Enquirer: 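Pasting a structure here, questions to come.
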Amino acid sequence: EKVEKINADISRLSEMKAQLEKIETVVARGQFPGGGNDGGAKAEHAKAFGKWMRTGVDAGLRDLEVKAEMSTLSDPDGGFLTSDPVMGPMKEVLSAVSKMRELANIVTITSDEYKTLVDKLGESSEDATEKSTRKTTDTPTFAEVSIFVKEMSAKPKVTQTMLDDPAFNTEGFVGKFIGRTFAAREGTWFWSGDGVKQAKGISSYSTVANASYTWGKVGYIASGHASLLNNADKIFDLQHALKTGYRGPAKWLMNDNTLLALRKFKDGEGNYLWRPGLLENAPDTLLGKPIVIDDYVDDIGAGKYPIWFADWNEAYTIVDRFGVRMLRDPYSSKPYVEFYTTKKTGGGIVMYEAIKALKITAS
């Protein structure tokens, strides 16, 4: 009986192993029955998209995008949504260049506006026992924050000879070109965008001395000098201007010239405030917090804001509208084929308490 029981257990284990192998195969291929992540459909879409890029022939691409419920975002006359072979290289370049995408909260929407409510006072409550009298607690005050997406475009060009060459990676080439173009524009948008035709950039918001901080403005610490950064104590003041709840995940943001100046700063005991990353690819630190370099941030100068300290994921939100639209144009720039590509992105501060800056000013 014991042997038979053991044999039965072994049989069940064999069946479970076979089932597990089937599941692993399905997951690896992305083939989820009844789900939206159909690897076969993705491959078919990528193949049709590649043929359209090279020849301009639809090859059923429109029907595939309608089937994937993307009909409102693409059409033959207005262009098709880019496929994974294009989006992959594009996203790789964007992630490598755009530091704000590395730091901020990113939301994808299908409309042109993103709205969120922020509780300005935080949670309101009181201590209580079973029979104690309940007092009236403060009513939370909410601020509505709206972020609108704005459109950017790029026009990579490819010769027809290149398109006719089966060894030429058209999708990857176009994806990297678009990625570089959009990354450079996003760098400007997320830092100094005007919020009208561009995303609302961080430096475009009103600022106020942190001692007089009010919601809707960014608090700053004065450097103590009209045009220089020469006081290490102000770096400590800037770090502690941020509430402790945001200080844990906070990171410094500055450009490389400012970092060079900071590397020479020492504390009262002669120790450098800056510390190199000890592990491979680990960031340098300042007062124990990671430093992120973004060349779009101001240089040190009178009235400038060269150093920022924030919980960026709480402070700033980037909003992407779903889909990057591409239109094939073989006529406007012969003998080149242009791929007119548009993308909608927005950005803005949603939590003003989570971000602080250092201003180069005497007071």
Side-chain angles (χ1 to χ4, degrees), residues 95-106 118 122 187 190-191 201-203 205 207-211 213 217-225 228-301 304-318 347-361:
S95 299
V97 176
S98 179
K99 295 304 179 183
M100 287 310 301
R101 283 195 173 273
E102 174 186 318
L103 298 171
N105 177 41
I106 300 177
V118 180
F190 297 149
W191 186 251
I202 295 168
S203 65
Y205 286 85
T207 60
V208 63
N210 197 59
Y213 165 78
K217 296 184 178 181
V218 176
Y220 71 80
I221 298 296
S223 69
H225 192 284
L228 298 175
L229 176 62
N230 62 354
N231 190 339
D233 290 346
K234 298 300 182 179
I235 306 301
F236 288 91
D237 292 343
L238 176 58
Q239 187 178 54
H240 285 267
L242 203 64
K243 290 183 178 180
T244 54
Y246 302 115
R247 206 181 303 160
K251 295 180 180 179
W252 302 96
L253 185 68
M254 64 192 75
N255 68 29
D256 197 55
N257 294 329
T258 302
L259 176 61
L260 178 60
L262 279 177
R263 288 185 64 173
K264 303 172 184 178
F265 277 28
K266 298 180 180 180
D267 61 20
E269 298 179 354
N271 300 311
Y272 285 102
L273 302 183
W274 170 86
R275 291 285 189 274
L278 299 179
L279 301 176
E280 185 178 1
N281 298 322
D284 297 343
T285 61
L286 178 65
L287 302 182
K289 296 299 178 182
I291 302 171
V292 177
I293 300 300
D294 190 322
D295 290 332
Y296 292 93
V297 181
D298 290 339
D299 273 325
I300 297 170
K304 300 295 186 180
Y305 298 84
I307 302 176
W308 297 72
F309 187 60
D311 178 350
W312 296 99
N313 190 263
E314 289 286 340
Y316 196 82
T317 293
I318 294 172
I349 294 178
V350 296
M351 180 56 76
Y352 293 88
E353 290 187 346
I355 181 170
K356 302 295 177 182
L358 183 81
K359 182 178 182 179
I360 304 301
T361 181

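Basis for what follows: all heavy atoms, side chains included, without hydrogens, waters or symmetry-related copies. All values derive from a computational prediction rather than experimental measurement.
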Enquirer: Restricting to non-hydrogen atoms, name the atom on Tyr272 and the atom on Arg263 that form the minimum distance, rounded to 0.1 Å.
Expert: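 Result for this residue pair: CD2-O, 3.1 Å.
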Enquirer: Do you know which of Asp256, Asn257, Leu253, Asp284 makes side chain to side chain contact (heavy atoms under 4.5 Å, CB included) with Ile293?
Expert: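 Looking at Asp256, Asn257, Leu253, Asp284, the match for Ile293 under the side chain to side chain contact (heavy atoms under 4.5 Å, CB included) is Asp256.
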Enquirer: Of all heavy-atom pairs between Leu242 and Asp311, which one has the smallest distance, and what is that distance?
Expert: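 Nearest pair, atom of Leu242 first, then Asp311: CD2-N, 4.2 Å.
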Enquirer: Check whether any side-chain heavy atom of Trp252 sits under 4.5 Å from a side-chain heavy atom of Ile235, and report yes or no.
Expert: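 The answer is yes, as the side chains (C-beta and beyond) meet within the 4.5 Å cut-off.
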Enquirer: Looking at every heavy atom in both Gly201 and Tyr316, which two are closest together, and how far apart are they?
Expert: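 Taking Gly201 first and Tyr316 second, the nearest heavy atoms are CA-OH, 4.2 Å.
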Enquirer: Quick one: does NZ or CZ of Lys356 land under 6.0 Å from the six-membered ring centre of Tyr213, within 45 degrees of the ring axis?
Expert: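 Yes, Lys356 and Tyr213 form such a contact.
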Enquirer: Return the NZ to NZ distance between Lys251 and Lys99, rounded to the nearest 0.5 Å.
Expert: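 Here the rounded value is 10.0 Å.
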Enquirer: Working to the nearest 0.5 Å, report the span between CZ of Phe265 and CG of Asn231.
Expert: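 Answer for the CZ-CG pair, Phe265 versus Asn231, is 7.5 Å.
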Enquirer: Minimum heavy-atom separation for Val118 to Val350, with atom names?
Expert: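 Answer, listing the atom of Val118 first, then Val350: CG2-O, 3.3 Å.
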Enquirer: If you measure from CE on Met254 to CG on Leu229, what distance do you get to the nearest 0.5 Å?
Expert: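 Between atom CE of Met254 and atom CG of Leu229 there are 9.0 Å.
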Enquirer: When you measure from the side chain of Tyr205 to the backbone of Val218, do you find a donor-acceptor pair of N or O atoms at a distance under 3.5 Å?
Expert: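 Checking the backbone N and O of Val218 against the side chain of Tyr205, no donor-acceptor pair under 3.5 Å is found.
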Enquirer: Find out whether Trp312 and Val292 are in side-chain contact, i.e. whether some heavy atom of one side chain is under 4.5 Å from a heavy atom of the other.
Expert: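 No, too far: nothing below the 4.5 Å cut-off.
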Enquirer: Take atom NZ in Lys304; do more than 12 heavy atoms of anything else shown fall under 6.0 Å from it?
Expert: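 Counting other residues, nucleotides and ligands, NZ of Lys304 stays at 12 neighbours or fewer.
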Enquirer: Do side-chain atoms of Thr207 reach the backbone of Gly219 as a donor and acceptor pair under 3.5 angstrom?
Expert: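 Flag not set: sc Thr207 to bb Gly219 has no pair under 3.5 Å.
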Enquirer: Working to the nearest 0.5 Å, report the span between CD1 of Ile360 and OG1 of Thr258.
Expert: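 Output value for this atom pair is 8.0 Å.
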Enquirer: Any side-chain to backbone donor/acceptor pair from Asp267 onto Leu273? Under 3.5 Å, distance only.
Expert: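 Checked: no pair found.
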Enquirer: Over all heavy atoms of both residues, which pair between Asn210 and Ala241 is shortest? Give the atoms and the distance, please.
Expert: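 In this case the closest contact between Asn210 and Ala241 is ND2-CB, 3.6 Å.
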Enquirer: If you apply the rule side chain to side chain contact (heavy atoms under 4.5 Å, CB included), what do you find for Ile355 with Ile202, and how did you get there?
Expert: CA-CA 10 Å; Ile355 181 170; Ile202 295 168; 3.9 Å; yes
Enquirer: CH2 of Trp191 to CE of Met100: how many Å apart, nearest 0.5 Å?
Expert: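 The distance works out to 8.0 Å.
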Enquirer: With rounding to the nearest 0.5 angstrom, report the CD1 to OG1 distance, Ile291 to Thr285.
Expert: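 Reported to 0.5 Å precision, the distance equals 6.5 Å.
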Enquirer: Can you name the closest pair of heavy atoms from Ala232 and Phe236 and give their distance?
Expert: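 Heavy-atom minimum between the residues: O-CD1, 3.5 Å.
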Enquirer: Is the shortest heavy-atom distance from the side chain of Leu259 to the side chain of Leu286 under 4.5 Å?
Expert: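 A side-chain contact is absent here, since even the closest heavy-atom pair is not under 4.5 Å.
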Enquirer: Please check if atom NZ in Lys217 has more than 12 non-hydrogen atoms from other residues, nucleotides or ligands closer than 6.0 Å.
Expert: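 Counting other residues, nucleotides and ligands, NZ of Lys217 stays at 12 neighbours or fewer.
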